[in-house]
There are 2 protein chains.
Amino acid sequence: MTRMGLTTERVTRAGAELADELGFDQVTPSVVARHFGVQVASLYSHVRNAQDLRVRVALLALEEMADRAAAALAGRAGRDALVALGTTYRDYAREHPGRYTAAQLRLDHATALASAGPRHAAMTRAILRGYQLTEPDQTHAVRLIGSVFHGYITQELGGSYDHSQPGPQESWERILDALDVLLRHWPHEGQP
Amino acid sequence: MTRMGLTTERVTRAGAELADELGFDQVTPSVVARHFGVQVASLYSHVRNAQDLRVRVALLALEEMADRAAAALAGRAGRDALVALGTTYRDYAREHPGRYTAAQLRLDHATALASAGPRHAAMTRAILRGYQLTEPDQTHAVRLIGSVFHGYITQELGGSYDHSQPGPQESWERILDALDVLLRHWPHEGQP
DNA sequence: GTCACTTCCTAAATGCGTTAGGCATATGCA
DNA sequence: TGCATATGCCTAACGCATTTAGGAAGTGAC
């Protein structure tokens with residue numbers, strides 16, 4: 001009987017593909033084993049357990065998204081950068097819904113620190129260099145941007161915009177416009 | 001042997017409580033059965049299967065949130081209404097994290113229509129009556145508000161703000177301020 | 001070719017979801 | 001009050017998933 005040539009990396013990649021096809025919560029040892037035509041127990045040489053498998057898929061997704069985001073951000077600033085970052089995440093989520101979901105998995109503190117998570121945080125902060133914002137407001141703005149991106153993408157992915165007009169692309173563009181305006185005219189403690 | 005007096009409603013309520021304690025994905029027939037000190041099979045008289053149980057918890061959460069939101073919105077308009085609605089959702093999520101998660105469960109079209117989902121949509125739309133927005137922009141704004149609320153709450157619940165300053169309450173207030181300003185000065189097709 | 005290593009296997013324990021069918025308890029009717 | 005009926009909860013059993021232990025067979029270095 002010929003070997004399948006499994007490695008931790010191949011198992012993880014398969015997990016990511018299956019997440020996109022079947023949904024992240026369907027990513028289990030048994031599904032991955034079937035995908036390779038292999039006995040379930042064989043996976044446990046490459047992955048500690050089901051949770052470990054899911055965490056690895058999450059880390060892969062975080063890395064992929066960070067790489068794409070970094071490439072998209074290169075040479076851009078201000079509104080361009082904002083649109084580039086948001087659209088990178090959104091496109092990634094539409095291409096790879098399972099991986100995007102995986103990237104939201106709660107990681108323990110140590111794993112989170114070693115992940116691409118901090119790169120994402122840094123990139124959102126970097127965008128704000130194009131806008132004049134000083135410290136407490138900068139953090140508030142980072143959180144707003146993250147909320148809008150993640151909120152919109154989650155709702156779109158979840159089908160919230162499926163049965164209504166106008167299409168999600170149009171709203172996305174107008175929301176980015178609005179966000180840009182807001183960041184350029186960020187209200188100070190007492191708003192106008 | 002004395003009876004437990006199970007009903008579909010009691011099972012659903014227990015599911016909701018267990019969701020808050022253990023996480024929504026831990027809400028299964030076996031956990032609920034243990035909670036009542038009852039055999040697993042006994043649940044199947046009250047609930048069709050595991051998915052049905054989860055859907056019922058989701059519907060309960062949607063109703064509870066809609067009721068709270070309606071109460072909070074009564075007699076308020078404009079910025080007050082915006083803050084009241086957002087804070088209702090946020091407080092509910094902090095009090096009942098499992099139920100809030102449940103409320104995000106994807107429902108099939110018919111179930112969604114019969115749920116409290118449409119009430120939530122109507123309430124967000126109602127808030128915009130306090131702002132001067134006409135039709136395509138109104139929908140964009142509804143989606144933005146939903147994205148910010150859900151995005152922020154999800155990230156806060158997921159612990160994204162746990163290890164950084166300033167606290168989530170401060171950011172929340174400033175983000176609501178910013179959102180209010182944005183809705184009052186919504187940029188038209190060509191932004192300033 | 002042999003040795004060591006690794007990959008993949010079989011076997012088995014445990015637990016969950018689900019269905020089928022049975023006993024016993026609470027409730028409605030005389 | 002006594003009985004019939006509906007139903008609340010049970011036991012039993014099946015299939016499938018996760019996980020561990022230990023064994024067999026490919027693979028590569030010498």
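The chains referred to below are lettered A, B, ... by the order of the sequence lines, with proteins before strands, and numbering in each begins at 1.
Residue B:Gln39 places its side chain closer to D:dT11 than to any other of C:dC16, D:dA17, D:dT11. When distances run from any side-chain atom of A:Ala41 to the nucleotides C:dT18, C:dC8, C:dC9, the shortest one goes to C:dC9. Out of D:dT18, C:dG17, D:dC9, the shortest distance to the side chain of A:Tyr44 is found at D:dT18. Distances from the side chain of A:Ala50 to the nucleotides C:dG17, D:dT18, D:dC9 place D:dT18 closest. Distances from the side chain of B:Ser42 to the nucleotides D:dA17, C:dT18, D:dC9 place D:dC9 closest. Of the listed nucleotides (C:dT7, C:dC9, C:dT18), C:dT7 has the atom at the smallest distance from the side chain of A:His46.
Per the geometry, CZ belonging to B:Arg34 stands 13 Å off C1' belonging to C:dT14, to the nearest Å. Between the CG atom of A:Leu43 and the P atom of D:dT18 there is a distance of 10 Å, rounded to whole Å. In this structure, CD of B:Gln51 is placed 13 Å from C1' of C:dG17, rounded to the nearest angstrom. Here the P atom of nucleotide D:dA17 and the CG atom of A:Asn49 are 17 Å apart, to the nearest Å.
A:Tyr100 has its ring centre no less than 6.0 Å from the ring centre of A:His96.
At the phosphate of C:dG17, neither OP1 nor OP2 sits under 4.0 Å from any side-chain N or O atom of B:Arg48.
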ask   = Stepwise, does the side chain to side chain donor-acceptor pair (under 3.5 Å) test hold for A:Arg125 with A:Thr139?
value = CA-CA 8 Å; A:Arg125 267 223 143 63; A:Thr139 298; 2.6 Å; yes

inquiry  = Applying ring-ring contact (aromatic ring centres under 6.0 Å, His included) to B:Tyr152 and B:Tyr89, what does each step give before you reach the verdict?
reply    = CA-CA 11 Å; B:Tyr152 193 89; B:Tyr89 290 147; over 10 Å; no

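For residues 43-53 of chain A, the set of pairs meeting the side-chain hydrogen bond (donor to acceptor under 3.5 Å, both in side chains) definition, not counting sequence neighbours, comprises A:Asp52-A:Arg56.
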